[in-house]
Amino acid sequence: MRAVDMWLLFWLLPVAPLMAQEFQKAPSAKVISQQDAEFDKVYSDHVNGELLNIYSFNHTVMRNKTEGVRVSVNVSLEQKESPVLFVVRQKEAVVSFQVPLILRGLYQRKYMYQDVGRTLCQPQTKNMSELQVFYVDVSTLSMKNTSYKLSVSRVDNFVLRTGQAISFNATPSQPQYLRYQFPDEVDSVIVKVTSPSAFPCSVISIQDILCPVYDLDNNVEFIGMYQTMTKKAAITVQKKDFPSSSFYVVVVVKTEDEACGGALPYYPFSQGQPVDQGSRQKSLDVVVTPALRNAYVGGMLFCLGIFLSFYLLTFIIACWENWRQQKKKKGLLTPVSTPCDETASLLGKQKVCPGSFCGSPQYEGYGYGSLDNHSTTSTEAISDSLVSSEGTYGYTDRSLENLASRPRLESLSSVEEDDYDTLVDIESDKNVIRTKKYLCVADLARKDKRVMRKKYQIYFWNIATIAVFYALPVIQLVITYQTVVNVTGNQDICYYNFLCAHPLGALSAFNNILSNLGYIMLGMLFLLIVLQRELNYNRALMHNRASLEECGIPKHFGVFYAMGTALMMEGLLSACYHVCPNYTNFQFDTSFMYMIAGLCMLKLYQKRHSDINASAYSAYACLAFVIFFSVLGVVFGKRNLVFWIIFSVIHIVATLLLSCQLYYMGRWKLDTGIFRRILYVVYTDCIRQCSGPLYMDRMVLLVMGNIINWSLAAYGLIFRPNDFASYLLAIGICNLLLYFAFYIIMKLRSGERITFIPSMCIICTSVVWGFALFFFFQGLSTWQKTPAESREHNRDCILLNFFDDHDIWHFLSSIAMFGSFLVLLTLDDDLDTVQRDKIYVF
C-alpha cells in the first residue's frame, strides 16, 4: 500500500463511528403507492416527503377520432413554501407543474393559484385503435401531510369544426386549447376568438401538433403565432405552414392586464398573494371559417380593371377632343389673324378677344386688391398713384403704359434665374409692378421662358431624387419588420385588420398592399396626360411662339410632373406602411401626402405668380422641415406639453411670416426694423386715419387663413392628439382647401368661367372625396392604443370578401387625388385665348 493511502486510512479511523451514526439517521427511501385510476373520478389524498403517489390511467387512442384529456388538481395554500409537484408521463411527452402554481407578471410580481387544470396533448397513432397508458405522479418535499384533489376527464368539445363555434372558460392557471384539422378542400382559414368582456387580458396562440403544448403565460410565446386579446382576436392560418394539416388553438389568460391596456392593480412586493380564480376567469368563443380560395384572383382582377378603365376613358376622351379640335380648327382659320386668333387656331379653341388692356371697359372684373367692382380704371390714374409713392419706394416717374409697352427681355447668354433676376431694370420693375392695385398675369410673367422652364423642371428632378433616397431605406425597414413577425410569430408588432387580412407569401396583409396600386397607376396616367399637353404646347410653339406666349396662363409643367411623381410615391410608401402598420412607421404613409398638399398650393400660386413662386430648393426645404416635425411628433408628441408649446409657437410665427410674404408679394424684409415699420403702419392706417387695407382680396384670404391656423394651433395645444402625423396633415389639407376655394371664387368674380371638363372634375372629385373620407373614418385599427384594443375595431371584408373599408379608402382617395390634379391642370383652360395683360392676378 502506498504511503498516501496509509495516511488517509490513519485520519479516517477516528471518525468512522460518527459517520456510521449519521447514516443510521438518514431517512429511508420513499414509499411508492401506485394504483389504477379511472376517468371522471375525484381522488382526495395526501402526500408528504416520504410518500409518492402514482395514478395509472388507460386511454384508448383512435386514428380517426381525437379526444382531449384534462388533468385538474386542487391544493391548499397552507404549504405554499413546499408546493406539491405533479408529473404527467405520457408516451411522447412529460408535463410537470407545481401547485400552488406561481406565475410572474410585470416587475416580477408573483401570483399564486391553487386550482390548476392542464390539457394533455394526444400522441399520434398509426393504428386504427391503440391503448395507451399515462401516469400522474404526485410528490412533495414537505415532511407534513399535504392534502390534494385530483381528477382526470375527457374533453368533449376538443376538436374544432369549420363554421361551428365552441364556448369555454379559461383562467391563468386553467388554460384551454383545441385542435383543428384542415379539410381537403380548404387551404387557408381564419381563427376568430371573441369574448363579451374586455378583461382579463388573454393570449391566443396557434401551435403545431407537438408535445408538450406551451399553454402558460410564461411560455405561450415560445413557439407558433400569437396575439393579445381583449374582445376580439383573429389569426389567418395557412395549410402549407403545418405538415400535419392540423394545429392547436391555445387560449391563455394573462396574470395582468397591462399588455392589453389595463391598469396594474395594487400589489405588495414582499410576497406572493393568492389570486381569486373567479376574478381572472374569461369566457371565450372560438370559430374557424375558411378563407375563399378565389378571392385573390377576383381581388387582383377587380383592382386592375377599375384603374385600367381610367386609361381607357382617358384615351376615348383624348380621341374625341382631338376630333373636335380638328373640326373647329378648319372653320376658325382666317386670312388675317390677331394673336388671340392665332392662339385659338393652334389650340383648337374659340376666339375670345377682350379689351385692349387690363382693367379696360371691355373686360370688367375685380382688381387684385379690391372687393369692389371697378368697371373703368384709367391708365393715367394708376400711373399717378405709382408716381405719388416715390417717397416710399424711391422711384422716379414710371407710368404703367411704359411698363406695359416695354418688350420682355429674352436672355440669350444665360438660363440661370439669378442672372436675369439681378438686372437693375428688372429689379426696379418688381417694386413698381408688384405694388399695383390692379395686377395682371403679364406683370408677373416677365422672366425668360427658358429660365422659368428650367426652374420648374427642378421640382421634378428633386422629388425624383428624394423618392429614391427615401424609399429604399423604407423598403428595407418594412421587409425587416415582416421578417421579424414571421420568425417570432408575434402578431402584436403590426396593426392589421386581422378579420380581413389575406396573406400572400411572406406578406401578412396582401389586400392592404394591393389596394395602393391605384395611386401608382393613376399617378402614371397623370404624368402621361401632362406629357401629352406639353408636347401639344411645344408643337404649337413651333408654329407661332409669339402669340402663344402672349395668351393664357404661363405653361410650366415641372410642378405637374412633381405632383404625379408624388402620387406614385404615396402609393409605394403607403404599401410599405401596410406591410407592417404601427406607430413607428406611420410617417411613411403621410410624408408624401405633405408633399402633395404643398405642391398643390404651390401650383395654385404659380398659375398667376409665375415669376415670384418659390424655388424647388426652398419648397422642398420647407416640406423637409414639416416631415422633421412629423417625426418628432410621433416620438415626443404623446401628451408632451413642452413639445406642443414649441410647435404651436412655430406654427403661428410661420403663418404670420407667410402672410406677410403673400400680402406684400415678397417685397418686405425681416430685419431689426420690422417692428418699427409695423408700428408705423398701425399708427398711420389705424390710428391717424381709419383706412382699409390696400389689397383687400389678399387681406380677406390671409385673415381667414390665420383664423383657421390659429384655431388648429389652439386645438393641438389644448387636446394634444396622439396622432400627430394626421394632425399635421389636417393643417396642410385645410390650408389647401381654403386657398383652392379662394381661387375658384376669385376666378368667377373676375368674369372668368370654368369649362365643362374642370367643372365635371370638380363635381365628381368632391363626391368621391366625400365617400372616401367616410370610409377613412371607419377606423379599423389604431396604433394609438395597444394591439389588443386595436383589434376591437377590426371588421370583416365588405368587398369581394377580399377588401375592407380601408382598402376602399385607398381606391377612392387615389381616384379623388387624380381628379384633383386634373382640376388644377384644366382649371384655367378658358384663358388659353385671352391675352395675359387681360387676366387678373389674385
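For the atom pair L210 CG and S244 OG, the distance stands at 7.5 Å (nearest 0.5 Å). D115 CG to L101 CG: the interatomic distance, rounded to the nearest 0.5 Å, is 11.0 Å. The CD atom of Q181 lies 10.0 Å from the OG1 atom of T162; values are rounded to the nearest 0.5 Å. With rounding to the nearest 0.5 angstrom, the CH2 atom of W809 is 13.0 Å from the CG atom of L780. In this structure, the separation between NZ on K282 and CG on N169 is 11.0 Å, given to the nearest 0.5 Å. The NE2 atom of H502 sits 11.0 Å away from atom CZ of F510, with the distance rounded to the nearest 0.5 Å.
Of all heavy-atom pairs between V579 and V478, the closest is CG1-O, 3.7 Å. V253 and R280 make their closest contact through CG1-O, 3.6 Å (heavy atoms, listed as atom of the first residue, atom of the second, distance). For the residue pair V213 and R118, the shortest heavy atom distance occurs at O-NH2, 4.4 Å. Closest of all the heavy-atom pairs between S139 and L52 is CB-CD1, 3.6 Å. Taking every heavy atom of both residues into account, K149 and V42 meet most closely at CB-CG1, 4.4 Å. Taking all atoms of both residues into account, the shortest heavy-atom contact from Y43 to A37 is OH-CA, 3.1 Å.
Residues T146 and V75 are in side-chain contact: their nearest non-hydrogen atoms beyond the backbone lie under 4.5 Å apart. I223 is not listed as a side-chain neighbour of D208, based on a closest heavy-atom distance of 4.5 Å or more. Residues Q98 and I102 meet the side-chain proximity criterion, which asks for heavy atoms closer than 4.5 Å. Using a 4.5 Å heavy-atom cutoff, the side chains of V94 and P212 are not in contact. Proximity of Q176 to Q174: side-chain heavy atoms (C-beta onward) are nowhere separated by under 4.5 Å. Under the 4.5 Å side-chain criterion, counting only non-hydrogen atoms from C-beta, C260 is not in contact with M229.
Looking at Q281 and T171, their side chains never bring a donor and an acceptor atom within 3.5 Å of each other. Side-chain contact of S508 with Q482: a donor-acceptor pair under 3.5 Å is present, judged by distance alone.
Atom OH of Y583 has 12 or fewer heavy atoms from other residues, nucleotides or ligands within 6.0 Å. Around the CZ atom of F199, the shell of radius 6.0 Å holds more than 12 heavy atoms that belong to other residues, nucleotides or ligands.
Ring orientation note: the planes of F86 and F97 are close to parallel, at an angle under 30° on the 30°/60° scale. Between F586 and W783, the ring planes lie tilted relative to each other; the angle falls in the 30° to 60° range.
Remark: Y135 engages Q34, I54, S56, R89, V133, D137 in a side-chain contact (heavy atoms from CB on, under 4.5 Å) (not counting sequence neighbours).
Between the side chain of N585 and the main chain of N582, a donor-acceptor pair closer than 3.5 Å is present. Judged purely by atom type and a 3.5 angstrom limit, N74 has no side-chain atom pairing as donor or acceptor with the backbone of S72. Judged by distance alone, with hydrogens and angles left aside, the side-chain atoms of S195 form a donor-acceptor pair with the main-chain N or O of S283 at under 3.5 Å. Counting only distance, with no hydrogens or angles, the side chain of S173 and the backbone of Y113 share no donor-acceptor pair below 3.5 Å. Under the 3.5 Å distance criterion, the side-chain polar atoms of Y495 are left unmatched by any main-chain donor or acceptor of Q784. Checked by atom type and distance alone, the side chain of N511 pairs as donor or acceptor with a backbone atom of C500 at under 3.5 Å. In this structure, N219 contributes its side chain and L216 its backbone to a donor-acceptor pair below 3.5 Å. Using a distance-only test at 3.5 Å, with no hydrogens or angles considered, a donor-acceptor pair links the side chain of Y177 to the main chain of L120.
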**Q.** I798/I808 under side chain to side chain contact (heavy atoms under 4.5 Å, CB included): CA gap, chis, key distance, verdict
**A.** CA-CA 9 Å; I798 63 172; I808 298 178; 3.4 Å; yes
Q | Stepwise side chain to side chain contact (heavy atoms under 4.5 Å, CB included) test for V69 and F57 | A | CA-CA 11 Å; V69 177; F57 292 88; over 6 Å; no
**Q.** Test log, rule side chain to side chain donor-acceptor pair (under 3.5 Å), inputs N53 and Y148
**A.** CA-CA 11 Å; N53 293 335; Y148 65 87; 2.8 Å; yes
Q.
Would C797 and F802 count as a side chain to side chain contact (heavy atoms under 4.5 Å, CB included) here? Give the steps.
A. CA-CA 6 Å; C797 303; F802 192 76; 5.6 Å; no
Q: List the steps and the verdict of side chain to side chain donor-acceptor pair (under 3.5 Å) for S188 and Q238.
A: CA-CA 4 Å; S188 178; Q238 300 186 77; 5.2 Å; no
Q. Given T140 and S142, is the side chain to side chain donor-acceptor pair (under 3.5 Å) satisfied, shown in steps?
A. CA-CA 6 Å; T140 183; S142 175; 5.1 Å; no
Q: Step by step, work out the salt bridge (charged side-chain N to carboxylate O under 4.0 Å, His left out) result for R795 and D804.
A: CA-CA 8 Å; R795 296 182 186 174; D804 59 17; over 6 Å; no
Q. Given Y226 and Q207, is the side chain to side chain donor-acceptor pair (under 3.5 Å) satisfied, shown in steps?
A. CA-CA 9 Å; Y226 62 91; Q207 301 180 20; over 6 Å; no
Q.
Applying side chain to side chain contact (heavy atoms under 4.5 Å, CB included) to V237 and V191, what does each step give before you reach the verdict?
A. CA-CA 7 Å; V237 186; V191 180; 4.0 Å; yes
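Salt bridge annotation for K192-D796: present, with a cationic side-chain nitrogen under 4.0 angstrom from a carboxylate oxygen. In this structure, R70 does not pair ionically with D156, as no charged nitrogen and carboxylate oxygen lie closer than 4.0 Å.
A centroid separation of less than 6.0 Å is found between the aromatic rings of F182 and F247. Side-chain rings of F775 and H806 stay apart, their centers remaining 6.0 Å or farther from each other.
Shown are Y248, F242, Y180; of these, the side-chain contact (heavy atoms from CB on, under 4.5 Å) with I206 is made only by F242. When each of V47, L141, V73, L150 is paired with V84, the side-chain contact (heavy atoms from CB on, under 4.5 Å) condition holds for V47 and for no other. Partner of T228 under the side chain to side chain donor-acceptor pair (under 3.5 Å) criterion, chosen from D492, D257, T786: D492.
Geometrically, R791 engages F498 in a cation-pi contact defined by less than 6.0 Å to the ring centre and at most 45° from the axis.
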